[in-house]
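Down below is the structure, laid out as structure tokens.
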Amino acid sequence: MPNIELTVNGTPRRAEVEGRTLLVELLRDGLGLTGTHVGCDTSQCGACVVIVAGKAVKSCTLLAVQADGESVTTIEGLASGDALHPIQAAFHEHHALQCGFCTPGMIMATVDMIERHDARLDEATIRHELEGNLCRCTGYHNIVKAIQAASDAIAASKSQGVQVDA
């Protein structure tokens with residue numbers, strides 16, 4: 001079995017994985033990071049989104065060996081101690097959590113979305129960007145509000161010279 005090395009949430013990790021092991025399986029079953037969810041096994045729902053090498057990926061479509069040598073950020077890697085990441089705080093404040101199943105994937109997709117758009121997001125862009133993430137509770141209205149608020153907060157922080165990292 002291949003041995004791989006990756007940095008997960010800032011911590012170097014090694015794992016021996018079968019070639020067919022999906023990244024989401026390694027994260028959940030191998031590393032115990034259960035915040036990343038498996039929703040559909042078809043890459044349509046986005047519950048398994050994590051950040052790999054700075055880009056959002058659906059971890060149910062990526063083999064763990066493909067992430068060898070990369071940096072991976074999961075939902076567990078966003079908060080700093082007891083302080084929520086601005087995106088997590090916005091989801092909490094705007095009641096965008098619904099049942100919570102899709103929330104980690106939504107938040108990780110938002111990290112990538114805000115980074116790619118330099119925190120300049122309008123409602124139409126947010127709704128377009130969310131097309132790869134499904135909320136079975138139909139909570140999109142509050143999710144969009146939360147993403148807009150997080151985007152605005154991160155833009156304000158950047159304008160004051162504060163770096164917000166994923």
Side-chain angles (χ1 to χ4, degrees), residues 2-17 21-41 43-94 96-97 100-121 125-126 129-135 143 146-155 157-158 162-166:
N3 287 305
I4 63 170
E5 295 181 16
L6 31 124
T7 302
V8 181
N9 299 328
T11 303
R13 305 292 295 255
R14 292 180 184 202
E16 183 177 284
V17 296
T21 302
L22 297 172
L23 180 58
V24 70
E25 295 170 335
L26 173 63
L27 294 171
R28 289 183 58 83
D29 304 332
L31 303 179
L33 298 170
T34 57
T36 303
H37 294 161
V38 178
C40 66
D41 274 332
S43 78
Q44 295 181 19
C45 77
C48 65
V49 172
V50 298
I51 305 296
V52 177
K55 298 185 186 228
V57 298
K58 293 181 177 177
S59 60
C60 75
T61 62
L62 188 71
L63 296 171
V65 294
Q66 292 176 292
D68 187 22
E70 299 292 351
S71 174
V72 178
T73 304
T74 69
I75 191 72
E76 290 93 343
L78 286 187
S80 179
D82 290 336
L84 293 176
H85 186 279
I87 297 170
Q88 293 171 307
F91 268 66
H92 179 265
E93 183 176 325
H94 292 276
L97 304 171
F101 191 82
C102 72
T103 303
M106 290 283 187
I107 288 174
M108 299 313 290
T110 301
V111 168
D112 180 66
M113 184 188 320
I114 288 175
E115 180 66 28
R116 282 186 294 106
H117 291 276
D118 198 26
R120 294 188 191 118
L121 294 170
T125 302
I126 293 168
E129 291 278 341
L130 286 179
E131 287 180 359
N133 291 76
L134 301 177
C135 171
I143 290 170
I147 293 171
Q148 184 71 66
S151 175
D152 293 345
I154 290 171
S157 293
K158 285 183 174 183
V162 177
Q163 180 66 35
V164 179
D165 295 324

task: Could you give me the CA-CA distance, side-chain angles and deciding distance for Leu78 and Met108, then say whether side-chain contact (heavy atoms from CB on, under 4.5 Å) is met?
output: CA-CA 9 Å; Leu78 286 187; Met108 299 313 290; 3.6 Å; yes
field: Working for side-chain contact (heavy atoms from CB on, under 4.5 Å), residues Leu22 and Leu63
entry: CA-CA 4 Å; Leu22 297 172; Leu63 296 171; 4.1 Å; yes
Return all side-chain donor-acceptor pairs below 3.5 angstrom for residues 53-60, not counting sequence neighbours, or 'none' if the list is empty.
from, atom 1, to, atom 2, distance (Å)
Lys58, NZ, Ser43, O, 2.7
Lys58, NZ, Gly132, O, 3.0
Ser59, OG, Cys48, O, 2.6

- prompt: Has the side chain of Ser151 got a donor or acceptor atom that lies under 3.5 Å from a matching backbone atom of Ile114?
  reply: no
Closest approach of Gln44 to Cys40 (non-hydrogen atoms, all atoms of both residues): N-SG, 3.3 Å
- prompt: Can you check side-chain contact (heavy atoms from CB on, under 4.5 Å) on Ile107 and Gln88, steps first, answer last?
  reply: CA-CA 7 Å; Ile107 288 174; Gln88 293 171 307; 4.1 Å; yes
message: Test your reading of the model: is there a side-chain donor-acceptor pair from His94 to the backbone of Ala96, 3.5 Å cut-off?
response: no
query: Can you name the nearest heavy-atom pair linking Lys158 to Asp118, along with the distance?
result: NZ-OD1, 3.3 Å
task: Kindly indicate, with the supporting measurements, whether the criterion side-chain contact (heavy atoms from CB on, under 4.5 Å) is fulfilled by Thr7 and Arg13.
output: CA-CA 6 Å; Thr7 302; Arg13 305 292 295 255; over 6 Å; no
query: Closest heavy-atom contact between Val52 and Leu62?
result: CG2-CD2, 4.3 Å
- line: Scanning both residues in full, the closest heavy-atom pair of Phe101 with Gly39 reads CE2-CA, 3.7 Å
- request: Taking all heavy atoms of Asn133 and all of Gly46, pick out the closest pair and write down the distance.
  value: ND2-O, 3.2 Å
task: Hey, could you give me the OG1/CD distance between Thr125 and Gln148, rounded to the nearest 0.5 Å?
output: 9.0 Å
message: How long is the straight-line distance from CD1 of Ile147 back to CG of Leu121, given to the nearest 0.5 Å?
response: 8.0 Å
message: Which residue is it: Val72, Asp112, Asn9? I am looking for the one with a side chain to side chain contact (heavy atoms under 4.5 Å, CB included) to Ile51.
response: Asp112
task: Taking all heavy atoms of Ala90 and all of Ala149, pick out the closest pair and write down the distance.
output: CB-CB, 4.4 Å
query: So, does Arg14 use its side chain to make a donor-acceptor pair with the main chain of Glu5 at under 3.5 Å?
result: no
- prompt: Can you tell me how far CD1 of Ile4 sits from OG1 of Thr21, rounded to the nearest 0.5 angstrom?
  reply: 8.0 Å
Matching residue for Glu76 among Leu27, Leu31, Leu33 - test: side chain to side chain contact (heavy atoms under 4.5 Å, CB included): Leu33
field: Separation between CG of Leu84 and CD of Glu93, rounded to the nearest 0.5 Å
entry: 11.0 Å
